[in-house]
Amino acid sequence: MSKSVAKKIQAIRGMNDLLPSESPRWQFFEGIVRQLMQRYGFAEIRTPIVEQTALFARSIGEVTDIVEKEMYTFEDRNGDSLTLRPEGTASCVRAAMENGLLYNQTQRLWYQGPMFRHERPQKGRYRQFHQVGIEAYGFEGPDIDAEVILLSARLWKELGLMEHVTLELNSLGSSEARAAYRDKLVAYFEQHRDVLDEDAKRRLTSNPLRILDSKNPAMAEMLDGAPRLLDNLDEPSQAHFEQLKAMLDAAGIAYVINPRLVRGLDYYSRTVFEWTTTALGSQGTVCAGGRYDGLVEQLGGKPTPGVGFAMGVERLILLLETLDLIPDEAGSDVYLLAMDDTATVAAITLAEQLRSELPWLRLQLHCGGGSFKSRMKKADKSGAAYALLLGEDEIAEHTVTLKALRDDQAQQRVPQAMLAHTLSERLPNTP
RNA sequence: GUGGAUGUAGCUCAGUGGUAGAGCCCCGGAUUGUGGCUCCGGUGGUCGUGGGUUCGAUCCCCAUCAUCCACCCCA
């Protein structure tokens, strides 16, 4: 009998088990989401978790942090470079193109699933995390931008989060206008090179717009004086943005214009937005998205406008937990127990009979033996509203003892033939 | 990737240079067929892991892993 010296195998850093105590929260959230998507006419799409590396490199942008240092990339057995998806949009566009969903038509799609980024884990930031996202293809005007934002707003309302989140809004303009603005911005930064920090200097050539996003207080004053993207929009983007704002105003959705809002992925154009909260510490972005009119073409398709967002499920559930907004539900309606082992067969038979008669019933059958007392304890722990007790006497007279566990109703012997009827009357969630 | 804090029972945490304790949980009993409250008893720890200092380390030192916080990044 030697002690095991094998090294304990642990889960990968930043990748978490979802335990039975937490899964009801996820199911609560996912249920509301699924319903909402249907109500807004979005259809679910599921794509593989692994894609060719080039898909992400080309769509997200070669010089973004995600592509530069956060992707889980590995070689397939045949030498192909594959990557665990770091986000959902690229896969979605690829799948839509590949299956002809973009040919001469519009699409409203949503997806849900795990994403992978090799970042330093922290609360609200994990290496495997989950997103729910939507993507709409083929819509040119700002109405779909509004629709997408309104869908997210309704989700916050239904979850009770509306007072805890803020909508930040910006427009990046067309890619041409952005390029022109970029030159202007670089020129401005060059004049203030002495104020730029290391990171900013590096980005001057790679991604100067991201410098605007910096929280370095030493650069705050200089950034305040920088030319503003919103003042340099092209005419059509300007109009698009104004119309979107008017639509949101009409719908009663409050927003804050944030001229520094740039987003970390290169494919965005025109509308960008973020829903943020102050209740989660430094991981405050709970949902983010925007328009990516050039992406489909960039990936080899016909020019097709797109808008979408992605939200972080872990962060939202964390937020709901923090604010105590998740209703707790009992696991079972009824706990059926044989009083001793001689009654087990009768208990199994009765349980199956009830499950056939009442398909909605959540019935847990006691397994694992033990004293009568311990069986009763298990019944109590199960959270069930009622215990059904089956012993020698009940079997002899074809009854079962029905005992309320959560209130003072007197217990009674019910004929087995009447049991389904009685339970239907007693349990509140009867259809 | 950078800086900092923490790691003792399933959970929340005490504790000491001489190899450990509480509460909760779990199991059993007080109650031959009645849970929850109370009382009694019990199981359970190579003190994150690996080195080092020491007669002796859970405690001191180093490394490593994990979690948390900030930066960074982003969902």
Side-chain angles (χ1 to χ4, degrees), chain A residues 3-5 7-16 19 21 60 64-70 85-89 112-133 152 197-200 202-203 207 210 213-217 261-265 274-277 280-289 308-319 335 337-340 342-343 366 368 370-384 386-395 401-408 410-411 413:
Chain A
K3 206 177 296 178
S4 166
V5 290
K7 207 165 190 177
K8 249 185 259 170
I9 296 178
Q10 295 177 290
I12 307 300
R13 177 149 136 108
M15 305 200 182
N16 301 310
L19 301 176
S21 57
I60 297 170
T64 57
D65 279 19
I66 294 177
V67 171
E68 272 182 344
K69 50 197 183 198
E70 293 176 1
R85 63 181 184 196
E87 58 105 40
T89 298
Q112 172 198 41
M115 307 294 164
F116 303 84
R117 290 182 201 172
H118 193 103
E119 293 187 273
R120 182 119 171 207
Q122 185 173 328
K123 196 184 209 84
R125 186 170 80 182
Y126 309 100
R127 291 185 172 179
Q128 176 178 331
F129 61 102
H130 295 76
Q131 290 186 333
V132 166
S152 58
D197 60 21
E198 279 312 303
D199 203 41
R202 192 178 64 84
R203 284 179 171 150
N207 200 344
R210 303 279 349 235
D213 229 4
S214 171
K215 285 161 206 146
N216 185 347
L261 183 62
V262 169
R263 319 273 16 276
L265 293 73
E274 260 182 39
W275 287 96
T276 59
T277 178
L280 287 182
S282 65
Q283 310 304 326
T285 302
V286 118
C287 172
F309 67 63
M311 50 203 193
V313 179
E314 280 85 354
R315 287 182 189 178
L316 283 165
I317 287 176
L318 220 47
L319 187 55
Y335 192 95
L337 60 92
M339 291 176 132
D340 54 54
T342 64
H366 176 84
S371 65
F372 179 51
K373 182 190 174 76
S374 75
R375 293 175 197 227
M376 281 302 294
K377 278 191 172 183
K378 297 259 172 61
D380 187 42
K381 292 265 157 53
S382 77
Y386 291 95
L388 289 174
L389 318 184
L390 201 57
E392 202 181 341
D393 299 349
E394 286 85 352
I395 291 172
T401 295
L402 175 66
K403 180 182 169 71
L405 298 173
R406 310 293 150 205
D407 57 41
D408 294 332
Q411 81 177 33
R413 293 265 173 99

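What you see is a predicted model; the values in this text were computed from it and never measured. Proteins get letters first, then strands, A, B, ... in listed order; numbering begins at 1 in each.
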Nearest-Å distance, [atom1] ([X]) to [atom2] ([N])?
{"X": "Phe116(A)", "N": "C74(B)", "atom1": "CZ", "atom2": "C1'", "answer": "17 Å"}
{"X": "His366(A)", "N": "G35(B)", "atom1": "NE2", "atom2": "P", "answer": "15 Å"}
{"X": "Asp197(A)", "N": "U2(B)", "atom1": "CG", "atom2": "C1'", "answer": "14 Å"}
{"X": "Gln411(A)", "N": "G35(B)", "atom1": "CD", "atom2": "C1'", "answer": "11 Å"}
{"X": "Asp380(A)", "N": "C26(B)", "atom1": "CG", "atom2": "P", "answer": "10 Å"}
{"X": "Arg117(A)", "N": "C74(B)", "atom1": "CZ", "atom2": "C1'", "answer": "6 Å"}
{"X": "Phe372(A)", "N": "G28(B)", "atom1": "CZ", "atom2": "P", "answer": "14 Å"}
{"X": "Leu388(A)", "N": "G35(B)", "atom1": "CG", "atom2": "P", "answer": "17 Å"}

- Query: Going by atom types alone, do Gln112(A) and His130(A) pair a side-chain donor with an acceptor below 3.5 Å?
  - Reply: no
- Could you tell me whether the side chains of Thr285(A) and Trp275(A) share a donor-acceptor contact shorter than 3.5 Å? no
Tell me whether the count of non-hydrogen atoms from other residues, nucleotides or ligands lying under 6.0 Å of [atom1] in [X] goes above 12.
{"X": "Asp408(A)", "atom1": "CG", "result": "no"}
{"X": "Gln411(A)", "atom1": "CD", "result": "yes"}
{"X": "Leu19(A)", "atom1": "CG", "result": "yes"}

I'd like the [atom1] distance from [M] over to [N], given in whole Å.
{"N": "C72(B)", "M": "A63(B)", "atom1": "P", "answer": "27 Å"}
{"N": "G52(B)", "M": "C40(B)", "atom1": "C1'", "answer": "47 Å"}
{"N": "G1(B)", "M": "U43(B)", "atom1": "P", "answer": "45 Å"}
{"N": "A14(B)", "M": "G23(B)", "atom1": "P", "answer": "16 Å"}
{"N": "G33(B)", "M": "U16(B)", "atom1": "P", "answer": "50 Å"}
{"N": "A70(B)", "M": "C39(B)", "atom1": "C1'", "answer": "50 Å"}
{"N": "C61(B)", "M": "G45(B)", "atom1": "P", "answer": "28 Å"}
{"N": "G48(B)", "M": "A57(B)", "atom1": "C1'", "answer": "16 Å"}

What does [X] touch in the nucleic acid at a heavy-atom separation under 4.0 angstrom: a base, only the sugar-phosphate, or nothing?
{"X": "Gly88(A)", "result": "nothing"}
{"X": "Gly124(A)", "result": "base"}
{"X": "Ala288(A)", "result": "sugar-phosphate"}
{"X": "Leu316(A)", "result": "nothing"}
{"X": "Glu314(A)", "result": "nothing"}
{"X": "Glu87(A)", "result": "nothing"}
{"X": "Asp393(A)", "result": "base"}
{"X": "Lys403(A)", "result": "base"}

Could you check which of [options] has an atom nearest any side-chain atom of [X]?
{"X": "Lys373(A)", "options": "A30(B), C68(B), C74(B)", "answer": "A30(B)"}
{"X": "Ser371(A)", "options": "G29(B), G35(B), G33(B)", "answer": "G29(B)"}
{"X": "Pro121(A)", "options": "U67(B), G28(B), A75(B)", "answer": "U67(B)"}

For the base of [N], is there a side-chain donor-acceptor partner from [X] under 3.5 Å away?
{"X": "Arg120(A)", "N": "C68(B)", "value": "no"}
{"X": "Glu394(A)", "N": "G33(B)", "value": "yes"}
{"X": "Arg375(A)", "N": "U34(B)", "value": "no"}
{"X": "Gln122(A)", "N": "U67(B)", "value": "no"}

- Examine C25(B): is either OP1 or OP2 under 4.0 Å from a nitrogen or oxygen in the side chain of Lys381(A)? Give yes or no. no
- Query: Just to confirm, is there a sub-4.0 Å distance from OP1 or OP2 of A75(B) to any side-chain nitrogen or oxygen of Lys123(A)?
  - Reply: no
Using both distances under 3.5 Å as the test, list the Watson-Crick or G-U wobble partner of [N], or none.
{"N": "U34(B)", "answer": "none"}
{"N": "C39(B)", "answer": "G29(B)"}
{"N": "U54(B)", "answer": "none"}
{"N": "C74(B)", "answer": "none"}
{"N": "U6(B)", "answer": "A66(B)"}

- From CA spacing to verdict: side-chain contact (heavy atoms from CB on, under 4.5 Å), Gln283(A), Gln122(A): CA-CA 9 Å; Gln283(A) 310 304 326; Gln122(A) 185 173 328; 3.1 Å; yes
- Which residue, Arg13(A) or Ala310(A), contacts RNA chain B at a nucleotide closer to its 5' end, judged by nearest heavy atom? Arg13(A)
- So which one's nearest nucleotide on RNA chain B is more toward 5', His130(A) or Arg125(A)? Arg125(A)
- Query: Salt-bridged, Asp380(A) to Arg406(A), with N to O below 4.0 Å?
  - Reply: yes
- Query: Quick one: does Leu319(A)'s side chain get under 4.5 Å of Val286(A)'s, heavy atoms only?
  - Reply: yes
